[in-house]
Structure formats: C-alpha cells, structure tokens
Amino acid sequence: MQGSANLNIMIKAARKAGRSLVKDFGEVENLQVGTKGPGDFVSKADMAAEEILREELITARPNYGWLGEETGATPGTDPTRRWIVDPLDGTTNYLHGMPHWAVSIALEHKGEIVAGVVFDPAKDEMFYAEKGAGAWLNDKQRLRVSGRKRMIESVFATGLPFGGSKHLPACLQDMARLLPQCAGVRRWGAASLDLAYVAAGRYEGYWERGLNAWDIAAGVLIVREAGGLVAPIRDRRDILADGEILAANGAMFDSFAATIRNADPAA
Ligand code: IPD
C-alpha cells in the first residue's frame, strides 16, 4: 500500500525503536538467571525506545501533541493532532524474555484515530492502517478479519487482570460464560498485538478491561480497517478514555458481545 507521509514517518519510527528494543532484548534474555533480574534494565530499554519515537515523530511533526506511556501528555501547537504511543506493549513478556511484544503508534486527528502502526520486531511483523485505506501486514498483505461464524469454532483473546486488579471478578465471570461456547481463549500479553491478530483473522475476537489509550489506539483502527467491529464493553463508554474494549469479526460480534456483556444477543 502507498501510505501517506505520516504513515511512512510512523513506520520508520517504529522500526528504529524496534531495533533498539531487539538489541536490548538479547541482553534481557541473558539477565533472566540473575537474582536481581532484568527490571531496571527493561525500564531503561522502554524509556530509550520512547525517546527514539519522540525524536523521530516530534522532529518530523513539531506541532503535534504527544501522549506516551513513559513520558505522559504534552500538548502541541496544533491542538487537533496528537501521537499516542506505547514504546513497549507487552512489557511483562519482554521482561521475562518472551518474544511477544510490540511498538504501538497511533495518530489522532480531531478525536479520531486516522493512522495506526503496531510493530512486532521479534517476528518482523508490521501491522498498519490508515482511515479509509484498509489494514496491511508488511509490504503487501491486505488484512481481513476471519470469516468464522460459529462461536464453537472461534478463538478469542483477552488480558487476565494481575496484581490485585479490580477487574479480576468480571474477567473470571466472562471466562465462565465464554469458555464452554468457544474453541479457546488466549492470553498472550500484548493488547496491541491482540487487536492486530483480530485484524489478521488469527483470533475471532478480543476483549479486555483496564487498558490505557496507548495500548489500543493503533489496534482499534487496524481492526476496523480490516473489516472488524470494535465497541466498548458497556454502553456509551469511550474506548480510549475508559480502556475497555470488545473487538471481533462482523459475523461473530453480536454473540461474542452478548456473552461478555451477559446479555441476550436477540434482545
Ligand atoms: C499491557 C499489555 C497487556 C495487557 C495489560 C497492559 P504494557 O501493556 O497490553 O496485554 O493485559 O493490561 O497494561 O504495560 O505492557 O504496555
């Protein structure tokens, strides 16, 4: 796909941050056996990746605002546009030497995501989309959500709440309703990639609560541009502000949403 100048800037920035993270990931794998563990090292790798992204994106578009996981919010002189960035989504995987993590970059314009990039450097998979131009993987592969229509054949993904999260009871109830009806639930630990995988038709759907805008902003657009549906779990919530999300292929969305919302799909 021939992307816009902004998309090319995003892809270049994601690759550059990805190279830095891959280099540090080699060291993280070596640090696993030590008693101190790689915690401090990973925080520095994460910060360094955000610095690279800031440098690339803000240098290219100095007037845009910024929202990054590590450095927070900075308004731009153009109040209508901002970058929403997670330099390392899937930090726990990275910390434990598991090669499933991503760089996520979204561009918001007037409150709407208009471009999104999710880059998995360990697998060299670049997922990206622009509003109205479809969703893509690497150079030429057009992304489409899966065509499965039956819950019992479908695989879903979620994020399991950890560390005393208030979302644990709801998630356990979701599991009790969903597991008997489907072909499996995955918890791979990087929300941006969970959304990219829905867009690529690898899972039929994904849901999670307690997320941050930078985890999902890029992925939401990628799913929609691949023909999928994305909605908040509860009515009239704002996905990015409230951090709760349901995403699925069109055929499965109503049954899946009804199961998670504990509602009758026909009601
Ligand atoms: C986390 C991942 C994970 C999700 C957590 C997020 P981080 O993001 O996306 O899959 O379950 O809720 O916080 O902290 O690795 O950027």
Side-chain angles (χ1 to χ4, degrees), residues 14 17-18 20-22 24-25 28 37-54 66-73 83-106 116-123 125 127 155-172 174-175 178 185-199 202-203 205-223 230 232-233 237 239-247 260:
S20 164
L21 287 164
V22 164
D24 289 336
F25 189 62
V28 170
D40 289 350
F41 183 82
V42 169
S43 307
K44 286 191 190 119
D46 199 354
M47 281 302 298
E50 183 149 330
E51 276 314 309
I52 291 169
L53 294 174
R54 236 185 133 92
W66 178 267
L67 176 65
E69 176 167 24
E70 304 306 324
T71 53
W83 301 114
I84 303 178
V85 166
D86 190 347
L88 176 56
D89 181 41
T91 316
T92 305
N93 287 343
Y94 190 94
L95 181 69
H96 287 256
M98 296 189 272
H100 191 77
W101 40 269
V103 179
S104 176
I105 306 172
V117 167
V118 173
F119 180 43
D120 175 344
K123 305 181 199 69
E125 289 193 317
F127 301 89
V155 171
F156 298 96
T158 191
L160 297 178
F162 51 88
S165 162
K166 65 177 183 189
H167 299 293
L168 182 61
C171 181
L172 293 176
D174 297 340
M175 290 288 192
L178 182 63
V185 171
R186 301 289 180 267
R187 195 288 190 250
W188 280 21
S192 61
L193 286 174
D194 286 330
L195 287 164
Y197 280 24
V198 172
R202 295 175 184 172
Y203 315 136
Y206 161 71
W207 86 104
E208 188 165 350
R209 300 175 182 81
L211 293 157
N212 291 295
W214 47 76
D215 298 318
I216 51 178
V220 165
L221 180 69
I222 295 172
V223 171
V230 184
I233 295 176
R237 292 283 165 150
I239 297 171
L240 295 193
D242 297 317
E244 57 171 58
I245 188 166
L246 269 172
I260 298 303

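When a ligand or atom number is given, it counts from 1 through the structure's own listing order.
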*asked:* Strictly under 4.0 angstrom, heavy-atom based: which residues surround ligand 1?
replied: E69, D86, L88, D89, G90, T91, G159, R187, G189, A190, A191, E208, L211, D215
*Give the ring-plane orientation class for Y94 versus F25, where under 30° counts as parallel, over 60° as perpendicular and anything between as tilted.*
tilted
*When you measure from the side chain of N93 to the backbone N and O of W188, does any donor-acceptor pair fall under 3.5 Å?*
yes
*asked:* Take a 6.0 Å sphere around NZ of K123 and say whether it holds more than 12 heavy atoms from other residues, nucleotides or ligands.
replied: yes
*Taking the six-membered ring for Trp, are Y203 and Y197 parallel (under 30°), tilted (30 to 60°) or perpendicular (over 60°)?*
tilted
*Among L88, L21, D89, whose side-chain contact (heavy atoms from CB on, under 4.5 Å) with V103 holds?*
L21
*Does the pair S104 and D215 meet the rule for a side-chain contact (heavy atoms from CB on, under 4.5 Å), with working shown?*
CA-CA 7 Å; S104 176; D215 298 318; over 6 Å; no
